[in-house]
Structures are given as C-alpha cells and as structure tokens.
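Inspection log for the structure reproduced underneath, given as structure tokens.
For ligands, and for the atoms within them, numbers begin at 1 and follow the listed sequence. We number each residue from 1, following the sequence as shown.
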Amino acid sequence: MRPLAYEEHVLTMDGVELSRIASKAGTPCYVYSAAEILKNYRAYDDSFGDQPHTVCYAVKAASNLSILRLLAGAGAGFDIVSAGELFRVLKAGGDPAKIVFSGVGKSGAEVDAALEAGIFAFNCESEPELALVDSLAHRRGIKARVALRVNPDVDAATHDYISTGRLAHKFGIDIGDAETVYECARRRENLLVEGVSCHIGSQLLNTKPVVEAVDRVVGLVQRLRAKEFEIRHVDFGGGLGVAYKPEDSIPAIGELVGVLRQRVANRGLHVMVEPGRSIVASAGVLLTRVLYRKKTGAKEFVIVDAAMNDLIRPALYSAHHEILPLRQTSVGTMRADVVGPVCETGDFLARNRDLPQVFPGDLLAVCTAGAYGFAQSSNYNARPRAAEAMVEDGTWRVIRRRESYEDLMRGEE
Ligand SMILES: *Cc1c(COP(=O)(O)O)cnc(C)c1O
C-alpha cells in the first residue's frame with residue numbers, strides 16, 4: 001500500500017526503512033510521508049482546474065506544525081474548529097485569508113481571535129452564533145463574512161458517530177429553515193452573508209450522498225439569489241473516505257471533485273472543500289514493538305507497546321487498520337488480537353487478525369493511521385504521547401518529540 005513498500009523484505013516509506021526510524025525515535029511513533037500528503041492535496045487542487053476554489057485542509061485530522069507548514073507552503077487553506085487550531089495554523093505560516101472557522105460551539109473569545117486574525121469566513125451553525133459574530137465584528141468596526149452551515153438531511157451511510165448531515169444531528173441549520181435564518185442574518189449590519197456551507201459526515205464511501213447534498217445546497221443558492229442575497233461561495237465540507245482495507249473501493253479524489261465541478265459550473269461560485277482524512281490518512285503509520293505473546297484458553301494475544309491512548313479508532317469506531325511487520329519472514333501465520341498495555345478490554349488495535357508469526361521485539365506498522373490518530377491520542381494511564389516523524393526527500397526527522405514524564409505533569413500542583 002502506497003507510500004509503503006517492501007524492499008528486500010524490509011518495509012520502507014518512500015524509500016526510507018521504517019525500522020531505522022523506530023530504533024532511533026523509539027516506539028510507539030507516528031511516521032508521515034510528506035510526498036503522500038502533498039500528492040493528496042494536489043489531487044484536490046489540480047482536479048478543480050480553472051474552477052475558482054480553495055482546498056481548506058481540516059486541521060483536526062492531524063495538526064502537527066510540520067504537516068500544516070507543508071500544506072501552507074503548497075497553497076492550502078485551512079478549516080479550523082477552535083482557536084487552538086487557529087493558533088497552530090498561524091504559527092505554521094497559514095494564510096488567514098484562506099481560513100474557514102467551522103464548529104457548533106464557538107466561544108466569544110474564539111470568534112474574536114478569528115476576527116483579529118482576519119479569517120476568510122465563519123461557517124455559522126445557529127442564530128445566536130450569528131448574533132455573537134455580528135456584535136464582536138461591530139465592536140472591532142469590521143464586517144465578518146459568514147456562510148450558514150445548512151443541514152441538507154442526507155444519509156451519509158457511514159459510522160453513526162461521524163455522520164453529521166441528518167436532522168437528528170447537532171450540526172448545521174435545517175435546510176428547510178435556512179431561508180428564514182438568512183433573512184435574520186441579512187438584517188445584521190456587521191455580517192457579509194455571502195456563503196452556504198455543509199458537511200455531511202466522514203469516511204464517505206461513495207459520491208451519492210455528496211451529490212444529494214450538493215444539489216440541495218445549489219438549490220438553496222438559487223432561491224437565495226432570487227431573494228437578492230449575494231451568494232459568492234459554497235463550501236461542501238470534507239468527508240471523502242479512504243481505503244482502510246486493501247479491498248475497500250473508494251472514489252478517487254479526482255472523481256469526487258469532478259462531480260462537484262460539474263454541478264457548480266458556470267454559476268459564478270467560488271467552491272471550497274474541507275478534506276481532512278483523505279489528505280493525511282494514507283500518509284501515516286503508527287510504529288509499535290511487540291512486547292509479549294500470550295495465550296488464554298480461547299485466544300492468542302500479541303501485546304504491543306502502542307495502545308488505545310495512541311490510536312483510539314479501533315476502540316471508538318470499530319475501525320480496521322492493516323498491520324504489517326517491518327520485516328517479512330517465512331515462519332507462517334497466526335490469528336491473534338493485537339492489544340496494548342492499557343487497562344481496558346476495549347484497548348485493541350486489531351481483533352481476530354491473521355498475521356505473520358510475530359515475536360517479542362519485532363516491529364509492526366499500523367497502517368493508514370495518519371488521520372485522527374495522533375490527533376485523538378491522550379495521556380490515559382499516564383502514558384506520554386507518541387513521537388511523530390516525517391519522511392521527506394529520502395530522509396526523515398522527528399517533528400514532535402516523545403512526551404516526557406515531566407510533560408505529563410505540566411501545570412499541576
Ligand atoms: C471533521 C470535519 C471535516 C473533515 O472531515 P474528513 O472526513 O476528515 O475529511 C471537514 N469539515 C468539518 C466541518 C468537519 O467537522
């Protein structure tokens with residue numbers, strides 16, 4: 001699986017031996033391919049061609065400064081969901097004029113920080129939020145550009161926890177009520193009501209729900225323009241899935257963008273998208289070392305030094321991640337649960353998995369872990385968070401050192 005390849009039975013990322021990184025940086029350690037991140041970003045950017053567009057990377061998927069700097073250098077915009085993410089993007093040299101601020105619960109301090117930075121637009125999710133943005137913009141004597149995030153009520157056909165576009169979800173404004181809310185927004189003097197946004201969910205497996213959502217949003221744009229709203233941009237959010245299993249078939253980035261382009265062509269709209277997972281997931285692996293093998297009456301366990309605090313996706317979403325040995329051998333296979341040291345039965349990276357025989361000391365790569373991996377990691381069980389490294393131009397470097405025990409207690413009395 002790209003960007004990984006076995007070269008003489010040794011697993012490499014873009015030509016760099018992963019075991020060298022593991023032995024120098026230690027395990028558990030996330031490793032990202034800069035080339036793969038750029039390839040995915042450019043697949044979006046290039047596919048839009050001459051359609052005016054901005055690709056706003058969703059920072060929450062993986063927010064390391066080196067990843068943000070790489071994308072900022074390639075011309076990306078950013079989708080943020082907190083002032084902390086704004087702080088990161090600005091530190092990484094991101095262009096404030098290409099930032100959109102999403103999220104259902106922005107605080108006053110967060111809105112004000114974004115106004116100060118001069119972001120492109122707020123994706124607003126409720127009338128009280130519009131009132132807050134309006135009053136804080138007034139206080140600064142500026143006008144804030146807003147899009148209303150509408151909820152198009154489509155079924156994203158993905159995991160319940162990452163589906164966001166039904167009326168039963170907390171996100172957005174019911175598309176049926178949207179015109180009324182736009183009228184309220186228009187009466188607020190410090191808002192530029194110029195956009196419509198939506199985001200229907202994550203790990204979408206086909207373009208059908210996206211097409212439905214886009215058609216509903218474009219329909220709304222037409223109705224708003226008929227009422228003399230100057231709608232200039234549409235933001236279709238993120239959500240494109242990635243292949244976690246070799247047999248998963250997911251539309252290519254270019255295919256999704258093709259569908260979007262076709263439906264917005266010649267309408268005088270600037271199109272924005274907010275991909276997170278589809279930019280970084282395939283670029284990242286989590287390296288871990290086998291500590292023990294253990295057999296109970298019912299099962300065999302491979303106990304490794306990475307745990308649910310490092311990668312919570314299997315526990316939280318029953319997610320599947322391929323696991324590859326860093327060195328290929330021919331000693332046969334085994335079926336096992338791959339589990340970490342955390343004191344929870346939910347602490348597993350894989351269940352009932354057919355693996356090559358592995359032994360204590362062996363190194364493994366948990367694949368497709370670049371998105372919502374490190375970003376969702378925690379210090380549960382007083383475990384320092386993993387190191388992060390980046391492979392770029394045939395070499396590698398640490399981009400976040402492993403946390404120390406002192407780091408664990410910072411700020412405590
Ligand atoms: C999470 C999120 C995204 C990114 O979703 P992916 O599935 O990672 O592409 C984009 N926009 C909003 C509003 C989000 O909440």
Side-chain angles (χ1 to χ4, degrees), residues 32 37 40-41 43-44 54-63 67-68 71 76-82 84-86 89 98-106 110 114 119-126 129 146-152 154 156-166 169-173 195-207 209-210 213-214 217 233-244 248 250-253 256-257 260 271-284 312-313 316-317 319 368-376:
Y32 308 93
I37 293 172
N40 291 332
Y41 167 73
Y44 277 100
T54 312
V55 180
C56 294
Y57 168 65
V59 174
K60 75 177 193 277
S63 60
I67 294 175
L68 302 182
L71 286 163
F78 295 92
D79 169 48
I80 59 168
V81 292
S82 71
E85 289 188 353
L86 174 64
V89 170
K98 292 184 185 173
I99 296 177
V100 292
F101 193 170
S102 299
V104 67
K106 304 171 188 81
E110 289 183 311
I119 67 164
F120 175 73
F122 294 84
N123 288 335
C124 291
E125 303 213 14
S126 64
E129 183 189 336
V146 299
L148 264 57
R149 174 170 172 181
V150 298
N151 187 331
V154 300
T158 183
H159 191 282
D160 269 355
Y161 292 0
I162 51 177
S163 176
T164 56
R166 298 309 303 253
H169 297 143
K170 71 177 174 183
F171 298 100
I173 292 164
V196 182
S197 78
C198 73
H199 170 74
I200 59 170
S202 199
Q203 186 57 12
L204 307 176
L205 304 175
N206 61 63
T207 55
V210 182
V214 167
V217 166
H233 80 269
V234 284
D235 179 344
F236 294 125
L240 181 62
V242 298
Y244 284 104
D248 287 347
I250 310 271
I253 290 168
L256 174 76
V257 173
L260 299 180
V271 178
M272 319 192 66
V273 285
E274 305 166 348
R277 186 190 311 270
S278 51
I279 290 196
V280 289
S282 63
I312 202 171
R313 300 191 67 261
L316 189 58
Y317 313 116
T368 330
Y372 307 106
F374 186 89
Q376 288 190 316

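- Looking at Phe78 and Leu86, their side chains never come closer than 4.5 Å, going by heavy atoms from C-beta outward.
- In terms of the salt bridge (charged side-chain N to carboxylate O under 4.0 Å, His left out) criterion, residue partners of Glu125 (sequence neighbours excluded) are, by chain and number, Arg149.
- Residues His199 and Ser102 fail the side-chain proximity criterion, which asks for heavy atoms closer than 4.5 Å.
- Protein residues with a heavy atom closer than 4.0 Å to ligand 1 are Ala58, Lys60, Asp79, Ser102, Arg149, His199, Ser202, Gly238, Gly239, Glu274, Pro275, Gly276, Arg277, Tyr372, listed by chain and number.
- Judged purely by distance below 3.5 Å, without hydrogens or angles, the side chains of Ser278 and Tyr44 pair a donor atom with an acceptor atom.
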Could you walk me through whether Lys60 and Glu85 pass salt bridge (Lys or Arg N to Asp or Glu O under 4.0 Å), step by step? CA-CA 8 Å; Lys60 75 177 193 277; Glu85 289 188 353; over 6 Å; no

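- Looking at heavy atoms from C-beta onward, Ile279 lies in side-chain contact with Leu71 at the 4.5 angstrom threshold.
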